[in-house]
Amino acid sequence: EKCTDPKEFSPSTKEKQGLVTGINTIKAMDRQLRGKNDLKFRALICYALNHGIIHEWVNALGPEESLVQKWYEPWGFMRNEQTKTRVVTSLEPLSQEHFHLRLDFELAMWDTIH
């Protein structure tokens, strides 16, 4: 099922649409990624790096308090606005780099070893 309704997020439309597109791209790779959530998560990070939007995604995941309370531990950096801002600021320079990471890089490495 595609993620098409990012109503839980309140950042800009560009950030929301980028996140939804990334999620849908990774969902389409479910069979290729063998349904493993850890592989899908890392593929999603690679997607964000390739598109220069990882800082936007971290920013997009934080503004809705009910969402933050539901999904993040009380000690998590997403629960502390000051820390989250530092993380977003730290990630922002990565948007100037040009990544070309394979979304299935772990599986490709595994297949060449075995």
Side-chain angles (χ1 to χ4, degrees):
E1 176 179 329
K2 285 194 174 214
C3 178
T4 57
D5 187 16
K7 288 181 183 173
E8 291 186 314
F9 303 105
S10 58
S12 75
T13 301
K14 177 186 170 214
E15 290 172 340
K16 289 189 288 188
Q17 199 54 45
L19 183 56
V20 169
T21 300
I23 290 169
N24 288 334
T25 298
I26 301 309
K27 280 185 171 187
M29 296 178 66
D30 187 64
R31 175 172 276 157
Q32 186 180 356
L33 295 173
R34 302 177 183 158
K36 296 181 182 265
N37 288 335
D38 58 333
L39 294 179
K40 289 191 269 186
F41 176 74
R42 288 190 291 270
L44 191 63
I45 297 301
C46 290
Y47 180 94
L49 288 168
N50 287 345
H51 289 85
I53 55 177
I54 194 162
H55 66 288
E56 293 177 3
W57 285 8
V58 172
N59 193 49
L61 293 173
E64 185 62 44
E65 187 62 31
S66 63
L67 180 68
V68 171
Q69 287 180 2
K70 179 179 178 180
W71 293 107
Y72 297 98
E73 298 289 342
W75 47 263
F77 76 87
M78 293 298 284
R79 300 282 293 266
N80 182 311
E81 189 61 37
Q82 197 173 31
T83 303
K84 187 189 85 153
T85 300
R86 277 189 264 154
V87 170
V88 170
T89 302
S90 297
L91 292 171
E92 205 164 1
L94 293 175
S95 67
Q96 303 303 311
E97 300 299 324
H98 300 285
F99 291 92
H100 302 284
L101 304 170
R102 285 182 58 169
L103 302 183
D104 66 344
F105 80 97
E106 288 180 275
L107 291 175
M109 286 177 37
W110 177 261
D111 291 342
T112 58
I113 293 171
H114 292 83

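- Between the side chain of N59 and the backbone N or O of H55, no donor-acceptor pair lies under 3.5 Å.
- Taking the side chain as every heavy atom from C-beta outward, Y47 and W57 approach each other to under 4.5 Å.
- Between T25 and L44 there is no side-chain heavy-atom pair separated by less than 4.5 Å.
- To the nearest 0.5 angstrom, L49 atom CG is 7.0 Å from I45 atom CD1.
- Not counting sequence neighbours, R86 has no partner by the salt bridge (charged side-chain N to carboxylate O under 4.0 Å, His left out) test.
- Across all their heavy atoms, V58 and F77 have their closest contact at CG1-CE1, 4.2 Å.
- Rounded to the nearest 0.5 angstrom, H98 NE2 and Q96 CD are separated by 7.5 Å.
- The structure places CG of N80 at 8.5 Å from OG1 of T85, a figure rounded to the nearest 0.5 Å.
- Remark: L91 CG to E56 CD distance equals 11.5 Å, nearest 0.5 Å.
- In terms of heavy atoms, N50 sits closest to L103 at ND2-CD2, 4.1 Å.
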Please tabulate, for the side chains in residues 35-43, all donor-acceptor contacts under 3.5 angstrom to protein atoms that are two or more places apart in sequence or on a different chain.
from, atom 1, to, atom 2, distance (Å)
N37, OD1, K40, NZ, 3.4
D38, OD2, R42, NH2, 3.3
K40, NZ, D30, OD1, 2.8
R42, NE, E106, OE1, 2.7
R42, NE, E106, OE2, 3.1
R42, NH2, E106, OE1, 3.4
R42, NH2, E106, OE2, 3.0

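- What you find for C46 and R102 is that their closest heavy atoms are SG-O, 4.2 Å.
- Partners of E92 according to the side-chain hydrogen bond (donor to acceptor under 3.5 Å, both in side chains) rule, which considers only residues two or more places apart in sequence or in another chain, do not exist here.
- In this structure, Q17 CD and I53 CD1 are separated by 10.5 Å, a value rounded to the nearest 0.5 Å.
- Side-chain atoms of R79 and Q69, non-hydrogen and from C-beta on, do get closer than 4.5 Å to each other.
- In terms of heavy-atom proximity, G52 sits nearest to S95 at O-CB, 3.2 Å.
- Residue K27 holds its NZ atom at 13.5 Å from CG of L33, rounded to the nearest 0.5 Å.
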